[in-house]
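The block underneath contains the structure these notes are about, expressed in structure tokens.
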Amino acid sequence: MTISGSKNAALPLMAAALLADGPVTINNVPILNDIFTFNKVIAETGAKVSYDKEEQKLTIDPTSMDNYVAPYDLVRKMRASFYMTGALLGAAGHARVSLPGGCAWGPRPVNLHLEGFRAFGAEIEMDGGYVIARAPNDRLPGGSFTMSPSSVGATVNLVLAAVRAKGRSVIRNAAMEPDVVNLCENLNTLGARISGAGTPVITIEGTDSIRAGTISNTPDRIETGTFMIAAAMLPGSDVTLKNTLESDLGSFTDTFRKLQTGLEITGDTIRVRAADRIPPVSIETAIYPGFPTDLQAQWATMMTLAGGKSTVTDHIYPDRFSYVPELVRLGADLERRDNIVVIRGRSQLKGASVMSTDLRASVSLVMAGLAAQGETEVLRVYHLDRGYERLENKLNAVGARIRRIAE
Ligand code: UD1
């Protein structure tokens with residue numbers, strides 16, 4: 001099974017393309033609804049977007065950009081559209097971008113993004129649900145900002161805003177996630193001057209121009225982790241994942257080893273064989289390199305089958321547990337207490353109809369359905385298509401039986 005390009009790393013690269021003096025081609029861009037949504041957001045500015053799905057190459061030509069707006073209609077569909085604020089501020093010195101609003105698992109504020117833009121010299125106003133950001137004389141001077149907590153989205157947005165600033169910008173307590181590192185490394189190949197990506201302090205020396213060129217997206221670490229968990233929990237599996245980047249998994253690999261499954265990592269392939277018995281292993285999410293919040297629902301799903309009691313604690317998004325009542329519908333024994341899910345294992349799951357509530361919840365329900373006796377129907381799979389490329393084809397190729405029923 002081949003791991004696709006990362007969704008969360010592709011979106012910042014797409015926004016970064018708007019900073020360039022000419023067309024930028026991005027390799028390894030997955031065919032996902034979130035990518036299509038962001039293509040629309042970018043096209044709204046007048047930039048030209050062409051997507052070769054066969055080759056998974058996306059080319060963005062910002063030279064025709066003449067509308068520095070990201071409308072509510074699109075931003076509400078995908079929060080990452082808020083990256084347009086940093087990109088447009090960096091590219092043109094002004095932006096009008098809808099505030100994203102809440103999401104399925106809580107308020108998800110953008111205060112750090114806005115405070116950071118201000119610290120870099122932008123003027124920020126609110127108007128009718130929109131953020132209006134302006135740089136003095138259309139170019140940010142740059143500045144210094146310490147964020148707390150460390151936010152992936154705010155770090156990306158601030159890097160985008162600062163790359164073409166007049167002076168130096170510093171982000172302290174910056175996110176260290178691979179998505180940030182990938183963005184900074186790719187921008188540097190196009191002439192940006194960013195140092196410290198992957199550490200808590202990122203320094204950006206402003207530059208007059210970002211070159212046109214070709215950049216590359218990284219493999220999806222969350223898809224990799226999802227399939228590792230699926231292979232570990234489904235009896236009899238023996239799955240080889242290709243095009244992976246193990247170093248991006250952070251401490252997840254060490255936690256995964258506690259399952260005592262067969263795990264072999266060779267170059268860019270990861271082979272996982274099902275555990276004979278799944279031991280209870282409790283996890284707590286943390287910023288990179290800690291256990292990713294984007295894998296906690298899948299882990300909790302696996303733990304419903306473990307030989308004992310475990311807990312899953314989310315410190316990043318304390319409300320991200322909408323999957324719990326759905327797993328209960330499948331016969332799992334788990335209960336949420338604040339930001340902790342207590343899971344009593346040894347469940348024999350039984351098929352039922354369940355409802356997807358968000359991207360990671362929906363893949364977890366598919367995984368639970370595969371482990372369950374009988375048929376499981378997962379509704380609202382549009383959540384799944386936001387972030388997993390042809391999930392049913394990939395899983396069916398390794399022995400699953402999943403049908404997509406047209407609505
Ligand atoms: C990104 C990922 C998402 C992942 C999350 C955490 C994308 C498109 N999405 O989301 O899949 O679950 O990182 O790894 O890449 N916060 C504030 N104020 C802000 C911004 C964030 O308080 O202005 C808080 C959040 O509420 C949260 C924490 O910071 O508790 C981390 O959130 P953040 O890293 O910003 O997540 P996203 O970038 O939105």
Side-chain angles (χ1 to χ4, degrees), residues 5-16 29-30 32-35 37-38 41 75 77-87 97 99-119 124 131 133 145-161 171 173-183 200 217-218 220-223 225-226 248-252 284-299 313-323 339 358-364 383 386-388:
S6 162
K7 167 178 88 74
N8 286 355
L11 297 168
L13 297 182
M14 292 163 70
V29 177
L32 295 173
N33 282 352
D34 273 8
I35 300 295
T37 302
F38 207 38
V41 177
V75 179
K77 286 193 185 148
M78 192 186 68
R79 290 178 49 83
S81 311
F82 202 65
Y83 289 157
M84 291 302 279
T85 322
V97 177
L99 277 167
C103 81
W105 72 80
R108 298 187 79 187
V110 288
N111 59 310
L112 297 173
H113 303 234
L114 302 182
E115 286 166 29
F117 293 140
R118 281 200 183 101
I124 305 285
V131 171
F145 183 63
T146 302
M147 65 175 67
S148 178
S150 144
S151 152
V152 177
T155 304
V156 166
N157 236 340
L158 293 180
V159 167
L160 293 169
I171 310 171
N173 197 29
M176 300 190 290
E177 269 67 3
D179 318 299
V180 171
V181 177
N182 184 62
L183 168 69
N217 189 24
T218 191
D220 197 311
R221 65 196 170 100
I222 303 301
E223 190 194 28
T226 300
D248 276 1
L249 297 178
S251 68
F252 174 78
E284 300 195 16
T285 66
I287 56 173
Y288 187 82
F291 193 101
T293 169
D294 284 351
L295 287 173
Q296 60 94 339
Q298 298 89 313
W299 195 268
T313 306
D314 200 331
H315 296 292
I316 312 284
Y317 287 114
D319 287 325
R320 200 175 196 180
F321 295 110
S322 57
Y323 61 87
N339 67 332
D358 70 54
L359 169 57
R360 307 302 168 189
S362 59
V363 76
S364 303
H383 288 293
R386 288 188 49 195
Y388 287 92

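Below, all heavy atoms of this structure are taken into account, side chains as well, without hydrogens, waters or symmetry copies. Here, residue 1 is the first one in the sequence, and each next residue gets the next number. Both counts, for ligands and for their atoms, begin at 1 and track the order of listing.
For the residue pair Tyr83 and Leu160, the shortest heavy atom distance occurs at O-CD1, 3.6 Å. In terms of heavy atoms, His113 sits closest to Gly153 at CE1-C, 3.3 Å. Of all non-hydrogen atoms in Ser81 and Val97, the two that sit nearest each other are O-CG1, 4.3 Å. Scanning all heavy atoms of the two residues, the minimum distance from Met147 to Ala154 falls at CE-CB, 3.9 Å. The minimum heavy-atom distance linking His383 with Leu359 is given by the pair O-CD1, 3.3 Å. What you find for Tyr288 and Met176 is that their closest heavy atoms are CD2-O, 3.4 Å.
On a distance-only criterion, Asn8 and ligand 1 share at least one N/O pair closer than 3.5 Å. Backbone and side-chain nitrogen or oxygen atoms of Tyr317 are examined, and one is located within less than 3.5 angstrom of a nitrogen or oxygen of ligand 1. Between Ser150 and ligand 1, a contact under 3.5 Å exists for no N or O pair. When only interatomic distances are considered, the shortest N/O to N/O separation between Ala80 and ligand 1 does not fall below 3.5 Å. Checking only distances, Asn111 does come within under 3.5 Å of ligand 1, N or O to N or O.
Summarising the contacts of atom 35 (O) of ligand 1 with Pro149, Ser151, Ala154, Pro318, the nearest heavy atom is found in Ser151.
Side-chain contact annotation: Tyr323 with Gln296, donor-acceptor N/O pair under 3.5 Å present.
Under a 4.0 Å criterion applied to the non-hydrogen atoms of Gly153, ligand 1 contributes the atoms 35 (O), 38 (O). Close approach to Pro109 involves these atoms of ligand 1, each under 4.0 Å from a residue heavy atom: 17 (C), 18 (N), 19 (C), 20 (C), 21 (C), 22 (O), 23 (O), 26 (O). When each atom of ligand 1 is checked for a heavy atom of Val152 under 4.0 Å away, the hits are 13 (O), 33 (P), 34 (O), 35 (O), 38 (O).
Inter-residue side-chain proximity for Ser322 and Asp358 is flagged as met; some heavy-atom pair is nearer than 4.5 Å. Residues Arg320 and Asp294 meet the side-chain proximity criterion, which asks for heavy atoms closer than 4.5 Å.
Contacts between Ile316 and ligand 1, counted as non-hydrogen atom pairs separated by less than 4.0 Å, involve both the backbone and the side chain. No part of Gln296 comes within 4.0 Å of ligand 1, judged by heavy-atom distances. Within the 4.0 Å heavy-atom criterion, the part of Asp294 lying near ligand 1 is the side chain and not the backbone.
Using a 4.0 Å cutoff on heavy atoms, Arg360 does not count as a contact of ligand 1. A heavy-atom separation below 4.0 Å is found between Thr293 and ligand 1. A heavy-atom separation below 4.0 Å is not found between Pro292 and ligand 1.
The residue from Glu223, Lys7, Arg360 that alone fulfils the side chain to side chain donor-acceptor pair (under 3.5 Å) condition with Tyr388 is Arg360.
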